[in-house]
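Below is one structure. I have some questions about it.
Chain naming here is simple, since letters A, B, ... match the order of the sequence lines and numbering starts at 1 in each.
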2 protein chains.
Amino acid sequence: MCEKLKNLKKTEYKIALLLSENGILNANDLQNMLNVDKATVYRNLKSLLKKKIIREILTDEKSFYEIDCNIHNPIHPHFECVKCKKIYCLKPLSAQDTINLSHYTDFEISSIEIIIKGICNECKKQF
Amino acid sequence: MCEKLKNLKKTEYKIALLLSENGILNANDLQNMLNVDKATVYRNLKSLLKKKIIREILTDEKSFYEIDCNIHNPIHPHFECVKCKKIYCLKPLSAQDTINLSHYTDFEISSIEIIIKGICNECKKQF
DNA sequence: TATCATAATGCAACTCAGTTGCAAAAATAA
DNA sequence: TTATTTTTGCAACTGAGTTGCATTATGATA
Ligand SMILES: [Mn+2]
Ligand SMILES: [Mn+2]
Ligand SMILES: [Zn+2]
Ligand SMILES: [Zn+2]
């Protein structure tokens, strides 16, 4: 288990644990699994994001969340199927594919998000 | 001017032209510049997206749009300042930084979006 | 030109993810 | 215990984006 999860508040910890165990989840998933108010979910997600314990994946309609542990879950691209709206975690970029952020000297970079869109295998079969 | 802009419907064309001239804009910008209903803006944006005339850049709160012409505006990463919420277009990735999408054989890829977050130079000075 | 069919627009109501103010409950300090 | 601070639930709200429907504009056809 990720070291970062120590010293979290109770609900923060529960959310972080659920994300560690289940991969990628949205706010509604978490609300159902935790049986708490959605305001509580969003407030805790915000503080976890600020603490850099979790990462946010934006889509057209809602956000998804995953644990941010470099060892267990290194930064990686995501695939969003435009048909079924499912989010897939892709394998991390290989060294030669890694984006060189050092040109962007005008910005103090804190995170990077790569979203690839298209049609997943399941949906390709069906249609 | 981009070849793609021919054969567009009237409002589609106006939007595409505004995006060509002004770079990145959101739906509200376009509504004000065109003096039309927001429903009209969104409907036309949707059809332009489907025709791949424009690209969408998602942020926490709203979407931005830019023209999709490989010659005049090749695909490039975007920077979102977490302070002022401004979106900056970054220079396209160099050849050695280009992501190799050919591993992802389970997916039929149609687009890729790279969003880098952090603090822009303006905001760094101010705070 | 007049008549009909189709597409685009305006408007208003709606949806839904996410936020916020506030009072109650829970945790923590004294 | 009592006082103070933090967290939660609830309900109302916000704002981007959508949708149904009547009206208007466009375009074809005779
Ligand atoms: Mn992931
Ligand atoms: Mn751009
Ligand atoms: Zn799919
Ligand atoms: Zn800024």
Task: Which residue lies more 5' along DNA chain D, comparing Leu58(B) with Lys10(B) via nearest heavy atoms - done: Leu58(B)

TODO: Output yes when at least one side-chain N/O atom of Tyr42(A) is less than 4.0 Å from OP1 or OP2 of dT19(C), else no.
DONE: no

Task: Separation of dC10(D) C1' from Asn35(A) CG (nearest whole Å) - done: 15 Å

Open item on the list: Between His78(B) and Glu66(B), do the side chains contain a donor N or O and an acceptor N or O under 3.5 Å apart?
Closed with: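 Checked: Glu66(B)/His78(B) side chains pair up, N/O donor to acceptor below 3.5 Å.
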
- [ ] Go through the N and O atoms of the side chain of Lys62(B) and the base of dG17(D), and report whether any donor-acceptor pair is under 3.5 Å.
- [x] no

Open item on the list: Here's a test of your reading of the structure: between Asp60(B) and Asn44(B), which maps to the more 5' nucleotide of DNA chain C?
Closed with: Asn44(B)

Task: Whole-Å distance separating the NZ atom of Lys38(A) from the P atom of dG9(D) - done: 13 Å

Open item on the list: How many whole angstroms separate atom CG of Leu49(B) from atom C1' of dG17(D)?
Closed with: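 Spelled out: CG on Leu49(B) to C1' on dG17(D) is 13 Å.
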
- [ ] Look at Asp68(A) together with Arg55(A) and state whether they make a salt bridge at an N to O cut-off of under 4.0 Å.
- [x]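 Judged by the 4.0 Å cut-off on N to carboxylate O distance, Asp68(A) and Arg55(A) do form a salt bridge.
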
Open item on the list: Tell me whether the count of non-hydrogen atoms from other residues, nucleotides or ligands lying under 6.0 Å of NZ in Lys85(A) goes above 12.
Closed with: yes

Task: Euclidean distance, atom NZ of residue Lys46(A) to atom P of dT8(D) [Å, nearest integer] - done: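 About 16 Å, once rounded to whole Å.
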
Open item on the list: Rounding to an integer number of Å, can you tell me how far Leu45(B) CG sits from dA8(C) C1'?
Closed with: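 That distance rounds to 15 Å.
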
Open item on the list: Taking atom types as they are modelled, would you say the side chain of Arg43(B) forms a donor-acceptor pair with the base of dG17(D) within the 3.5 Å cutoff?
Closed with: no

Open item on the list: Measuring only between side-chain heavy atoms, which start at C-beta, is Phe79(A) closer than 4.5 Å to Ile109(B)?
Closed with: yes

TODO: Would you indicate what Lys9(A) reaches in the nucleic acid, counting non-hydrogen atoms under 4.0 angstrom: base, sugar-phosphate, or nothing?
DONE: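 It contacts sugar-phosphate atoms only.
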
